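Right, one structure below, let's go through it.
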Amino acid sequence: MPELPETETIARDLDGAIRGRKITKVSVRKADVLRGVTARALAKSLRNATIVRSWRRAKLVVLDLDTGDRLVVQPRFTGALLIDDGGFTGPELSYSTLRLELDDGRSLHYADVRRLGTVALMNAKRFDEYSRMLGIEPLDRAFTAKHLSAVLRATSQPVKKVLMEQRKIAGIGNIYANEALWRARIDPSRPAASVSLEEAKLLRASIVGVLEAAIEARGTSFRDYRDARGKRGSFVEKLEAYGRGGLPCRRCGHKLVSTHAIDGRATTLCVTCQR
DNA sequence: AGGGGAACCCGTACGC
DNA sequence: TGCGTACGGGTTCCCC
């Protein structure tokens, strides 16, 4: 489930690997991943375009093209952007939905087992409109404790749910919301508006800290996530809350509790040290 | 405005 | 063992 650190890892890998490469051929095998563009139109727009940059916004991998268009990939749960150096055989190719052949003989695949991920082609105007709908980047300088506090004060929704709202803060999903709240010792079910400025300072530092550490570890591969080389991220070993229900809290030793009470999503917390 | 629910998709887990 | 069904999970969209 690529959240910010996983998407950042993919985008950085691709930037190093295929920046400057020209797309020579486009094959669409499963057109239902496409959004707002037909297979035919996508192929026409991408053929002979050069990839000038790969970067991340929220949980999106964005490939800037020299045509001014942007290829925007949202991997959701099982999507992966994989570079094929020529070694891909049957198994690696079986879930490929889209293949971009490059001018150096390699290919970039968008593979997605469950196909809930999406691929869109946007011109600059449309991308800006879309990006404007998304919230602040938590690793941006502007993401201060004051900013976070203002976001939280505006609603009585559970603080965990607010952290995951992409229109408010971009890139945090279920795993890192659980982790950040554990680090900050805040109960995920608390009304967001009840979080004090002092607590918001600690929460901001916890969010930034866990995201940066996860990027360092190349992400969390709990189940499906793979980077552009098909490799797993190692942050799963560092998780303190997510997936550890019933296991002892590494801070106080009490058993962590799992619930689905907030927005129907798996939440794990230490009821002793998260208040 | 904010909340609830469905749709999207298919591998996996589970029940019989 | 085989078959059928429920479930999960982020985002979008529709309706109340």
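First the proteins, then the strands, lettered A, B, ... as listed; each starts at 1. Remember, predicted model here, so these are calculated numbers, not experimental data.
Applying the side-chain hydrogen bond (donor to acceptor under 3.5 Å, both in side chains) test to residues at least two apart or on different chains, the pairs with a partner in residues 174-186 of chain A are Glu6(A)-Tyr176(A), Lys160(A)-Asn174(A), Asn174(A)-Asn178(A), Tyr176(A)-Thr220(A).
The nearest whole Å value for the distance from the CZ atom in Arg35(A) to the P atom in dA7(B) is 15 Å. Rounded to whole Å, atom P of dC9(B) lies 11 Å from atom NZ of Lys30(A). The distance between atom CG of Asp263(A) and atom P of dG2(B), rounded to the nearest whole Å, is 15 Å. Rounding to whole angstrom units, CE of residue Met164(A) and P of dT12(C) are separated by 13 Å. Computed from coordinates, the Arg29(A) CZ to dC10(B) P distance equals 12 Å when rounded to whole Å. Residue Asp112(A) contributes atom CG, which lies 16 Å from atom P of dC8(B) at whole-angstrom precision.
For Phe127(A), the ring-ring contact (aromatic ring centres under 6.0 Å, His included) criterion is met by Trp55(A), not counting sequence neighbours.
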Pairwise N/O distances under 3.5 Å, protein to nucleotides 6-9 of chain C:
residue: dG8(C); atom: N2; partner: Arg114(A); partner atom: NE; Å: 3.4
residue: dG8(C); atom: N2; partner: Arg114(A); partner atom: NH1; Å: 2.5
residue: dG8(C); atom: N3; partner: Arg114(A); partner atom: NH1; Å: 3.4
residue: dG9(C); atom: O3'; partner: Arg265(A); partner atom: NH2; Å: 3.0

Assess the residue pair Leu203(A) and Val159(A) against the criterion (side chain to side chain contact (heavy atoms under 4.5 Å, CB included)); give the C-alpha distance rounded to whole Å, side-chain angles, the decisive distance to 0.1 Å, and a yes or no. CA-CA 10 Å; Leu203(A) 182 54; Val159(A) 57; 4.2 Å; yes

List the steps, then state whether side chain to side chain contact (heavy atoms under 4.5 Å, CB included) holds for Ile186(A) with Gln274(A). CA-CA 5 Å; Ile186(A) 294 172; Gln274(A) 286 174 258; 5.7 Å; no

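Here Asp227(A) pairs with Arg218(A) in a salt bridge; the nearest charged N to carboxylate O distance falls below 4.0 Å.
Counting any heavy atom pair closer than 4.0 Å across all strands shown, Arg76(A) reaches a base atom.
For Tyr95(A) and dC10(B), the shortest distance from a side-chain N or O to OP1 or OP2 is not below 4.0 Å. Distances shorter than 4.0 Å separate some side-chain N or O of Tyr130(A) from OP1 or OP2 on dT12(C).
Ser131(A) and Arg57(A) share a side-chain donor-acceptor pair at under 3.5 Å.
Across the interface with DNA chain B, nearest-nucleotide mapping of Glu165(A) and Asp32(A) shows Glu165(A) to be the residue nearer the 5′ end.
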